[in-house]
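The next block holds one structure in the form of C-alpha cells; read it before the comments.
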Amino acid sequence: MTPLLSTGGLAEVAAALPRALRAQGHDVRVAMPCYRQITTPHRGEHYCLCEADYGDRVVHGALRLATVPDTDMPLYLVEHEGYFGREAPYGTGAYEYNDNAERFCFFCLALFHAIPQTGWKPDIVHCNDWHTALIPAHLKTRYQGDSYWGDVASIFTIHNLAYQGRYDASSYGCTGLAPEFFHPDALEYEGDLNLMKGALVFADKLNTVSPRYAREIQTIEYGAGLHGILSARHGDLHGILNGVDYDVWNPATDSHIATNYDASDISGKRICKQALQKLFGLPAASVPLFGVVSRLHWQKGMDLLASALDDIMRRDLQLVVLGTGDPGIETQLRAAMARFPDKLGLYLGFDAPRAHTVQAGSDFLLMPSRYEPCGLGQLYAMAYGTVPLVRRTGGLADTVCGYSTLRQNGDEATGLSFVPLTNQALTRCMQDALTLYEKRDLLQQLRMNGMNQRYSWERSSREYETLYALAINRG
Ligand code: GLC
C-alpha cells in the first residue's frame, strides 16, 4: 500500500479504495504484513500477541495497530520478524522466497486469531491476490460455525491471474486446512497446492479490475489454467475498473512536473517535454516522444518492445523507458541505448517523481501488454494529455478508445491501439502515432478527449459497495 511500500498498481489500489469507501461512511480497516520497509513512524504500536494455528503446530506473532498514512483509518500490521523482516516483500531478483507459502498462510491465519481481539468485527473481508487467498477458504471451512467469523462474508479480487500462489503439495501443511480440501474441487491443482484456486472456489464473490479481463480469464487463452473454475463461477465474477487518485495525478497541481497545465491550456506540456528530454539526456528535438513506465516484464509486452527496437529506432522519434524487471530485457535496452544515445533514454529503476515527469512530458505512452487486468498508466496518461498507445486487451481495451482512420472517430478516440502480438503490429501502430503527430488538430483532439475522461474512485467504490452487499446477503 503506497506510500508504505509498493511493487505495482495494487499498492495504489490498496491506498485509494479504502479511502473512497471510508468517504462513503463505511468503517474500513486495512491489514497487511509488517514488512521491514515500513518505517518506524508508520508502524504504530504493539496491540496484542497472536498466533497462527497450522493444525500440527502453532507459530506466534503480534498485531500492531497503526493508521493508514494521512488518515485516521486503522491499519493492522501482522508482525513476525522472521517472515516479514526481510530485504524485500516477496523475494529478490527473479527469485521469490522459498517459504512464501508459509509466510502468507501465516499472515492469513494470524488475522483469524488477532482481529477478534480488537473487539471489532467486519461484515466482509475484501481479499486481494493470492497472498490473502487462504482467508475465504478458512471462512467456509474451519470457521464456518465459529461464533465470531461464522457469518463474515468474503470477496476476492484478482489483480493478476498469473500469480496464483502455486507450490509443491508438501506446502499444504501450512494452510491449516483439513486434508480433505487438498482436492481438485478445492485447493489442489495438478498435484500442487494452489492458494488462489482456494479463493476462487470459496469466496462469496469474485472480481477483477476490468469487465473485459473478467471475461477474458474465463477462456483458455487468458485463464492461466483456472478458466474452468472461473467460468463455472461466472455469475459471481464481476469486473470493476480501478480509479485514479486525481489528488496525485493531476497536471494542474502536480509538484513533480516542470510546469502545471490543464485542459484549458496545455501549452505547458511543451516545457514538460523539454524537462523530460533533459532528465533522460536526450536532445531537445521536436520529434514525437514515446514514454514507457512499466515493469520490464513479459506480461507488459516489454520483450516485444525490446525486440522491435532496431526497427523503432530507425524512425524519427525519441523513446524514454522507466522501470525495472527482467534482466534480459534490461540488457537489450542498455545495448540499444548505447547504439542510439540521442534517441533512447533509460532509467532502470523506479521513482514516483520520474514517473510523473514521463507522463507529463511524453507525447505517447506505450503499453503493449500481453494481458492487462486494468492498467493504470494509460489512465494517468490520458489525464496528462498524453496519448496512450496500447494493445487492445483487458482494462486497456475497456478504457482506451483507439483512433481508426477508417472510422474517422476523432470525436471519441482517446488513443491508438493494436491487437496482434507481433513486432510488425506494434511498429505499425507507432508509425500511425508518427502520422498523428503531424496532424496537429487531430492530435489535439485526442489529447482533449483523454483529459476529459474521468475514472474516479468514487464511481469504482460504489460498484464495490454493491458487490459487498451481494456477498453479505449471499445474493
Ligand atoms: C496488477 C495488474 C494491473 C492492475 C493492478 C491494480 O498490477 O497487472 O493491470 O492495474 O494490478 O489492480
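Worth knowing before you read on, the calculation uses all heavy atoms, side chains too, and leaves out hydrogens, waters and symmetry mates. Counting starts at 1 for both ligands and their atoms, following the listed order. This chain uses plain numbering: 1 for the first residue, then up along the sequence.
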> Purely on distance, is any nitrogen or oxygen of V13 under 3.5 Å from one on ligand 1?
Replying inline: no
> Looking at ligand 1, does any of its N/O atoms fall within less than 3.5 Å of an N/O of V209?
Replying inline: no
> Can you say whether the rings of F106 and H80 are parallel (under 30°), tilted (30 to 60°) or perpendicular (over 60°)?
Replying inline: perpendicular
>> Checking a contact table here: which protein heavy atom is nearest atom 7 (O) of ligand 1, and how many Å away?
In response: G9 N, 4.0 Å
> Can you tell me the protein heavy atom closest to atom 3 (C) of ligand 1 and the distance?
Replying inline: E372 OE2, 3.4 Å
>> Has K140 got a side-chain atom pairing as donor or acceptor with I135's backbone, closer than 3.5 angstrom?
In response: no
> Is R295 close to ligand 1, meaning an N/O of one under 3.5 Å from an N/O of the other?
Replying inline: no
>> On the six-membered ring of Y347, is R354 placed so that its NZ or CZ lies under 6.0 angstrom from the centre and within 45° of the ring axis?
In response: yes
> Can you tell which part of E12 has a heavy atom less than 4.0 Å from ligand 1: side chain, backbone, both or neither?
Replying inline: neither
> Between H159, Q299, K300, which one has a non-hydrogen atom sitting closest to atom 1 (C) of ligand 1?
Replying inline: H159
> Any idea how H131 and F104 line up, ring-wise: parallel (<30°), tilted (30 to 60°), or perpendicular (>60°)?
Replying inline: perpendicular
> Hey, which atoms in ligand 1 end up nearer than 4.0 Å to a heavy atom of G375?
Replying inline: 3 (C), 4 (C), 9 (O), 10 (O)
> What distance do I124 atom CD1 and I472 atom CD1 have between them, rounded to the nearest 0.5 Å?
Replying inline: 5.0 Å
>> Would you call the rings of Y143 and F112 parallel, tilted or perpendicular, taking 30° and 60° as the class edges?
In response: parallel
